[in-house]
Structures are given as structure tokens and as C-alpha cells.
**Q** 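Here it is, the structure, as C-alpha cells.
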Amino acid sequence: MNPLAYPVTVSHYLAVGAVLFVAGIICMAVKRNALGVLMGVELVLNGANVNFVAFGSRVLRDESLGLDGHVFALFVIVLAAAEAAVALAIALNYYNNHSTIDVDQADELKG
Amino acid sequence: MVDFLCETLGLPGWMASTVVALVQCGLLLGLVATGALVFIWGERKVAGRIQDRLGPTRVGGAFGWLQSLADGIKLLAKEDITPKDADWLLFKLAPYVGFTASFCAWLAMPFADGWVGERVNAGVFFVIAILGLEVFGVILAGYASGSKWSLFGAMREAAQVVSYEVPLGLCVVVPVLIAGSMDLITIGNQQAGWFTNWIIFHDPAAFAVFWVYFTCAVASVNRAPFDLAEAESELVAGFHTEYSGLRWSFFFMAEYGSMLLVSALAAILFLGGWNGPIPIFREFILPGLASITGWPTDSGILEYVGDLAGCANLIAKAATGVILMMWVRWTLPRLRIDQVMATCLKYCVPLAAVCFLFATFFKLVPSANPMPLNRLAPAAERTAVREGWNAGAERVRDRVDAGMGTEGSGQ
Amino acid sequence: MTVLGTIHVHTLFFFLFAMSTCGFALAVAMTSNIVRMAFFLTLSLGSTAGLFFLAGAEFVGAMQFMIYVGGTLVLLIFGVMLTAQSRFISMRTRAGEWVTTLLVAGAFLLILLYVAWSVDAWTAAPPAHRAADGSLTTQIGLALSGVRLDGGTGYMLPFLVVSVHLLVVLLGAGYLARTKRRNRCVSDVHG
């Protein structure tokens, strides 16, 4: 039983996407550093992207999403970039105001 | 080649592919490493001449051409020091990250028609994207060294490279727009014939954007006058202050590798790629050889000889670009960091954007072929592209359906 | 030799890239050093781009390198370096949180893996090894400008919306992160 002898299917890609997603969830849950949480979000988005590409790929399956999968992946990448820029600006602002980036300390409304 | 190994040696498919991949990687690595050695020697000679001295003269004969090999042996023998405050894992990995990024971009870089490690559909895009990863090596090195000088160098580098990627991307789009393809081989082949077919002479915008590209390329590979990351007058040696021996030399390999890379990219995008200024080889030498040997002009060996000449052509153009960068380095003083950012945001970005708009409008003009010289040589593929574009989406659909419009029928 | 002889090149490389993607993603989750996290994230996303290339999505893969790895992550590392003081670099989490998180995450992973192998159409092998569609980049470009070759609707409007959105984000992020007069709180802490 040699797993390398079989062609790659959509399921393999979905498994990779699932691991990325779960790693991102863990990252978001356990990190106290605001930027660490941000990295978790990136991992989750990337896991979703892997799924989009797998469903859109004509190499893996005949009846695929086709172009839609690719274009959705592109939009996810672009929106992730936008999200990272805003989140980073917020994190820096927070660091300027509170001189820490521990998200547990962000429990007061007075800036 | 895969088939050859499979059939004659009886290797299984994956082994044959691995062997082929290893051979190609070895060739590329040889080119990049030799290039670095030659260019380090060249840099010292150029610097010497510009400063009115001789440069290295002793090692290996009259021109000191073995100097960089001797330097390499010296670097190998040096002690590999890791500072106490450094993050040892990242400190040790950083040089390899930088070099890997600079080397990986070569995988999609063609040297002649069909001579490419992996033909990527969006080749231009791929090369630019991988080139942008080289900054990681510098940032990690600067951060992991645990030294203020290194950190300042890394911060400057991060700001500078991210900013310069914007105009660089805009500049690269112009030849892509003119050629109607992102495939480097297609772009190169479209410029066959006389030098008037080169994209740099296609329209004024392309000519202007070439110089913007060159400026941004110099900035994105951290060469003077934009080498703020290692400004030795302020930051000791910037991001590689704490490095020594072989790891230090990896940064230099990466730097010279990417210099050669951006020059080769400029040669393919603007300067005709593997096609010489005068089609002397295709027009005269090749038929001459054919008549002497009696082979048809499209026989395998003659094609191979033609490709070899094209490869030499491309490397010569790339080397000229590198020497131009050296000339710039030893002539101009280093800019301040605010001047570097101003150059990018106030001059390069608007210039590139205006050129891009101009090129777009130029594309829309019905008979956008103002230079009659263009018609001297057969640019059949370019005409086909233009027809495909003018006839609108219907035609494009037919071509793609028929499996012909792989690329080039779009924008 | 028979075992070696049947290895599929595509599958071999898929497993290489998949292992580095997943391994580095888990390393991101497990490390508490923020700078190493950023480095592992880079490697993970880079290997994901490799997976995209293997799936025939060359343009998306190049985009992943260009925007995600080359742009977003450099920005992120920039943020890390701006805020990296020794007490923030390594922030520990309590063991109780780890246990809860790992329980939830493990359950999630099991469900997702079960779903991934529960649909027959997804586990069916591709009919034959076929090369990636060479015209895909052209098709994506045309679709973004509103022309679809395979009959669907184009993406002109979403593309415009995303462009405007990016512009707004650019301005907003610049506004948020602009240099201000030093805050009282900061000057208290640092004297």
C-alpha cells in the first residue's frame, strides 16, 4: 500500500486546507500577541483558498468550478491583504496608546 | 529528455524527472555562482578604473581574474560566528532564505527559445514575485542578529523594497501590454528581427518606462545609490554587520544573482531577449551553415546552434546591464532614506503610471504601428495578437476554443 | 524496485509541499516566539503557492507569492519589528487554554477530514493525467474585465468593488497609522 502511487484527488487538497484552517484556529485562540492572532487569520483564509483552488482545478477533476474557483481565490488574497493592512494599523495604534500588544490587556474603553 | 531516460535507461518516470530536474538545477546554479564570481571580480575592476586605479592585478595573471576565487577560499576558512544576542535559528537560516529566493526566480527565466527550467504561463509575474521574496533574507538577518545596526538596515530594506515593488510592477506591465502575453518566451519571440522590433523602441512610453524600470530594479536589488540597508557610512554594514565567512558570502551571491536576474528580465522585456540587434545569425550564418553541411535549416542541430547563439546574446545583454549598475554604483553618491522614498513615491510611481496609461491608449489606436521599420522583419505573431485583440472577444473565444490562443489572444 | 517504480511524480511533489505547508502551519500555532511565527508563516504560505502550481493554478500561485508572501507578510514582519520588545516577543499561554483549544481544534479537524473523504466525486481519481490549461491566465484576465469564455457571468463589478475597497483601505490604514504627537500614556511608561 503505497500512498505515492495514486494520483492526487480533491480530497487531498481539502485535507491540507483543513489542517491549515485548524492551525489558524489554534493560533487565534492561544496567542496573546495581537499580531499572532492576525497570523492565525491569515492561515484560516489560506486554508479556504486551498479549497477554492482545489475545487476550481481542472487537473484534479473534470467537473470543477472552473474559473470561479480561481477568481474567488484571487479575491480572497486581495481582501486578505486589505484586512492585514487595516489590522496592522489598528495594532500599531493600540501599541501607541497602551504600549503593549497583549490582547488580554485591551479591556478598557479609555484610550 | 524524460522520455529518453525512461526508454534507454529503464528508469521509472519519477526518477527520470528527478534526474532531469537535478541537471537543470545544477546548470542554473552553476550559472548563478559563476556569474557571481565573475561579477565580483568585474565590480572590483570597474571600481578601480572609475577611481583611477588598477583594481586586482596579481592573482591569476595580468588581470587578477582569480581574485574572487581566492576571496572565496579565504571566506571558507573564516570562523562562523553567531552573536550571543542572536536568535540562532533565524540567524543561521537567513542567508539561505535570501539566496534561495534569488535563485528560484531563475527557474522561470528562459535563456533562448524554449530553454527554460519551467515554462510558467504568467512568467513575468512569477519572476517579479519571487524576486520580492529576497527581502525576507535581509529582514530576518537584520532582526535575528540582535544588533541595532542590523535592525535599522532591515527596517529600511523592508520599507524600501515594499515601496519599490509598486513602480516595478507598473513598469513590467507596459511590455506585457505591448506583447499581449505574460509568457517570457512569447514576449522574447515577438521581438525577433531587427532591433526596431524591440519593445523599448515600440513607442515613447516603452522607451521612458525602460529607464524607470532600471531605476526601480537597482533599488529593489539594493544597489547603490539605493543601498540604504547596508549603508556603511552610517550603519557599519547594515543587515550583515554580524555575519562572517560563508554565510556572509551567501548574501553576496544573492545580491549578484538578483542583479543578473533583473538585468536578464530587462533584456527579455525591453531589449529583444535572445534576438540580436541585427538578425545576422538567422539571415546569414544559419543558411550558410546549412549550405555547407547540407542539413535543412530547421534541423535539430542547427536549431540548437541558433539557440546557443541566442543564449549567448541574452547573457551578454544581461551582463551589460550588470556593468551599467556597477558604473552607477561607483559614480553616484548614496541617497538618504527620505530621498529614496521620495524618488519612489514622487517620481517613479507617477512616471510609471503615466507611461502605463499612455501605452494603454497607444494600444487602442487602430493602426498603432507608427514605425515603418517595424515592417521590415516578419513579426507575424505580433500581427496575429493585434488582430485577435481588434476583432474583439468573439474571435478570442473561437481561438481559445480551438486551443490556439494559449496566451497572447487576451491582453 | 516495484514499489519505487509506481511512484507518481505529481503525487510525490504534492506530498512534499503538503507536508511542509501543514508542518509549518502547525509550527506557527505552536511557537510562542512571534518572529519565528512570522518566518514559519512565510514558509507555510510559500509551500501553499507550490500546491497551487501543482493544481494548475499558476496565476493564483504567482499572485500568492506576490501579494501574500511578498506584500502582506513583509508588512506583518514590519509590524512585528515595530512592536517587538523583549517582553512581547515570547508570550506564554496558560496550559488550560491549550487543552481547551486543542480539544476544539481536534474535533474540528476530525469533522473536516471526515467531510473531505465523504463525497465520492471528490475522492474519485482524475480520469487521466492532463496538463494544466495554458490559456487560464488569459481567461482570468478576460473574466475580470467582464468577458467569460465559458458562458458564465464576468467579474467586472466585483473587480471594481474590490478596487474601490482597496483604495479605501489604503487611505484608512494610512490615516490610522499616521504619526501622532506622543501619547501621554506612552510618555508615562517610558519616563
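Every chain is numbered from 1 and lettered A, B, ... according to where its sequence line falls, protein lines coming before strand lines. As the structure is a computational prediction, the values presented were derived from the model and not from experiment.
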**Q** I'd like to know if the side chain of Thr100(B) and the backbone of Tyr96(B) have a donor-acceptor N/O pair within less than 3.5 Å.
**A**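 Yes, Thr100(B) side chain to Tyr96(B) backbone: donor-acceptor pair under 3.5 Å.
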**Q** Could you give the distance from CG (Leu345(B)) to OH (Tyr164(B)), rounded to the nearest 0.5 Å?
**A** 8.0 Å
**Q** Take a 6.0 Å sphere around NZ of Lys92(B) and say whether it holds more than 12 heavy atoms from other residues, nucleotides or ligands.
**A**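 Check passes, neighbour count above 12.
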**Q** If I measure from the heavy atoms of chain C, does Leu131(B) come under 4.5 Å with its side chain, its backbone, both, or neither?
**A** neither
**Q** Can you tell which part of Phe126(B) gets under 4.5 Å to a heavy atom of chain C, answering side chain, backbone, both or neither?
**A** both
**Q** By a 4.5 Å heavy-atom criterion (distance strictly below it), what part of Val97(B) contacts chain C: side chain, backbone, both, or neither?
**A** side chain
**Q** Taking C-beta and beyond as the side chain, do Phe39(C) and Leu93(B) meet within less than 4.5 Å on heavy atoms?
**A** yes
**Q** Between Ala101(B) and chain C, with a heavy-atom cut-off of 4.5 Å, which part of the residue counts as in contact: side chain, backbone, both or neither?
**A** neither
**Q** Answer with side chain, backbone, both or neither: which region of Tyr68(C) has an atom nearer than 4.5 Å to a non-hydrogen atom of chain B?
**A**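 Neither; nothing under 4.5 Å.
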**Q** Chain B heavy atoms under 4.5 Å from Leu75(C): which part of the residue, side chain, backbone, both or neither?
**A**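 For Leu75(C), neither part sits under 4.5 Å from chain B.
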**Q** Using a 3.5 Å cut-off and no angle test, enumerate the donor-acceptor pairs between side-chain atoms of residues 19-26 of chain C and protein atoms at least two apart in sequence or in another chain.
**A**
| unit_1 | atom_1 | unit_2 | atom_2 | d |
| --- | --- | --- | --- | --- |
| Ser20(C) | OG | Phe17(C) | O | 3.2 |
| Ser20(C) | OG | Ser47(C) | OG | 2.8 |
| Thr21(C) | OG1 | Phe17(C) | O | 2.7 |

**Q** Just so I understand: if I count every heavy-atom pair under 4.5 Å between each of Ile128(B), Val135(B), Ile130(B) and chain C, which residue has the most?
**A**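 When all of Ile128(B), Val135(B), Ile130(B) are compared, Ile130(B) has the most.
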**Q** Write down the atom of Phe65(C), the atom of Ala129(B), and the distance for their closest heavy-atom approach.
**A**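 Distance-wise, the nearest heavy atoms are CB-CB, 3.7 Å.
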